[in-house]
Amino acid sequence: MLRDCGEVWARVEELIDAAPSTEALRAHGVHLLAAAVWRSRGRTVPDEVRADERRAAAMAMAAPLLLRRARAAYPGPLLLMKGPEAAARYPDPGTRYFRDLDLLAGDAPAAQRALTAAGFVEVGSPAEYADRQHLCPLAWPGLPLVVELHRVPNRPAWLAPPPAEEILRLAVPSATGVDGLLAPAPAAHALLLAAHGWAHKPLGRLVDLIDLAAVLGPGDRALAAELARAWGWEGIWRVALGAADALIGARDRSRSLSIWARHLEGVRDRSVLEDHLARVAAPACTVSLRRLPSALGANLSRTVGRRGHERWADKLRRSRLAVAHAFMDRSEHERTLP
């Protein structure tokens with residue numbers, strides 16, 4: 001898997017061709033990449049994808065403005081993860097869609113106070129984010145992006161958070177070109193990207209594996225493996241890297257792609273049933289037998305629990321729909337929810 005090699009992007013093009021629909025491409029976060037491929041072939045880009053391109057362009061233009069204002073407001077270390085930092089590794093950064101800016105601060109509460117004092121506005125109730133990995137999102141009036149200041153990077157519930165001090169110690173200048181803004185070293189960034197994807201959808205979206213392939217250079221693998229061992233993330237790293245290598249790097253097919261992530265090869269959306277099975281398979285493939293009960297318990301709690309301030313009546317209705325829609329595409333099922 002070579003970050004600067006055209007073979008990676010040629011393989012991505014093949015995967016895009018395999019997708020059954022534009023909706024499937026959107027579910028995998030690669031519809032803007034698909035639009036670039038279609039244009040290169042003289043094909044018409046659907047109106048809904050062109051609308052997404054306009055939104056992505058607005059986000060990309062707003063990102064440097066917000067990052068400069070955040071950097072000017074807070075004097076401590078400020079490190080950008082995902083979003084435009086990953087997009088900078090794409091042949092065309094505009095083909096990597098993002099909706100927020102994830103920043104790891106040396107002191108997140110102090111950074112939150114500094115940004116609000118400088119004119120940023122909290123979106124939502126701070127109390128709702130008391131136990132989350134990031135503080136209440138921040139917006140700048142008139143700009144379409146939000147900033148999320150992280151206490152710790154996002155990761156699956158069964159993984160211990162990595163030491164923020166180590167991530168900051170390994171930091172490099174951000175690829176965005178914003179003066180004084182940091183980014184994770186490629187090896188650390190690849191790990192963080194893998195964990196963030198698994199926190200939402202374990203091996204769920206093609207874009208998460210493309211990000212990993214784009215960020216991780218051949219010379220970064222040894223350090224990534226060392227960090228994964230130090231953080232206790234060996235299992236998730238082994239499975240994520242194996243899937244990326246098999247799908248994008250043209251290496252031997254991994255077991256996960258053969259069993260519980262088969263939707264990736266066809267670039268189709270997971271069904272509701274497959275999505276729930278993945279929540280069991282993900283920890284089963286990545287943690288020791290000793291830690292498996294607690295990992296499964298964390299996923300079960302997320303599955304049966306309510307979302308935010310959701311009423312139990314709404315939760316039960318959502319559960320009934322999940323059973324009725326077991327073989328429906330996950331994104332289509334989500335659209336049926338209130």
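Residues satisfying the side chain to side chain contact (heavy atoms under 4.5 Å, CB included) criterion with Ala222, sequence neighbours excluded, are absent altogether. By the salt bridge (Lys or Arg N to Asp or Glu O under 4.0 Å) test, Asp47 pairs with Arg50, sequence neighbours left out.
With respect to Leu103, the side-chain contact (heavy atoms from CB on, under 4.5 Å) criterion is satisfied by exactly one of Leu79, Leu66, Leu80, Leu138: Leu80. With Tyr90 as the partner, the ring pair (Phe, Tyr, Trp, His ring centres under 6.0 Å) test is satisfied by one option alone out of Tyr97, Trp9, Phe98: Trp9.
For the residue pair Glu48/Thr22, the side-chain donor-acceptor check at 3.5 Å is not satisfied.
Looking only at side-chain heavy atoms (C-beta outward), Glu53 and Val45 come within less than 4.5 Å of each other. Considering only heavy atoms from C-beta on, Leu181 comes within 4.5 Å of Thr176 through its side chain. Side-chain contact between Gln133 and Pro153: absent, with no pair of heavy atoms (C-beta onward) separated by less than 4.5 Å. Between Leu115 and Arg69, every side-chain heavy-atom pair lies at or beyond the 4.5 Å cut-off.
Salt bridge annotation for Arg41-Asp17: present, with a cationic side-chain nitrogen under 4.0 angstrom from a carboxylate oxygen. At a threshold of 4.0 Å, the pair Asp208-Lys201 does not count as salt-bridged, since none of the basic side-chain nitrogens sits closer than that to a carboxylate oxygen. In this structure, Arg268 does not pair ionically with Glu23, as no charged nitrogen and carboxylate oxygen lie closer than 4.0 Å. The pair Lys82-Glu148 does not meet the salt-bridge criterion, since no charged nitrogen lies less than 4.0 angstrom from a carboxylate oxygen. Here Asp211 does not pair with Arg89 in a salt bridge; the nearest charged N to carboxylate O distance is not below 4.0 Å. A salt bridge links Asp245 with Arg221: the closest approach of a Lys/Arg side-chain nitrogen to an acidic carboxylate oxygen falls below 4.0 angstrom. Taking 4.0 Å as the cut-off between side-chain N and carboxylate O, Arg11 and Glu14 count as a salt-bridged pair.
Between Trp198 and Trp158, the angle of the ring planes goes over 60°, which puts this pair in the perpendicular group of the 30/60° scheme.
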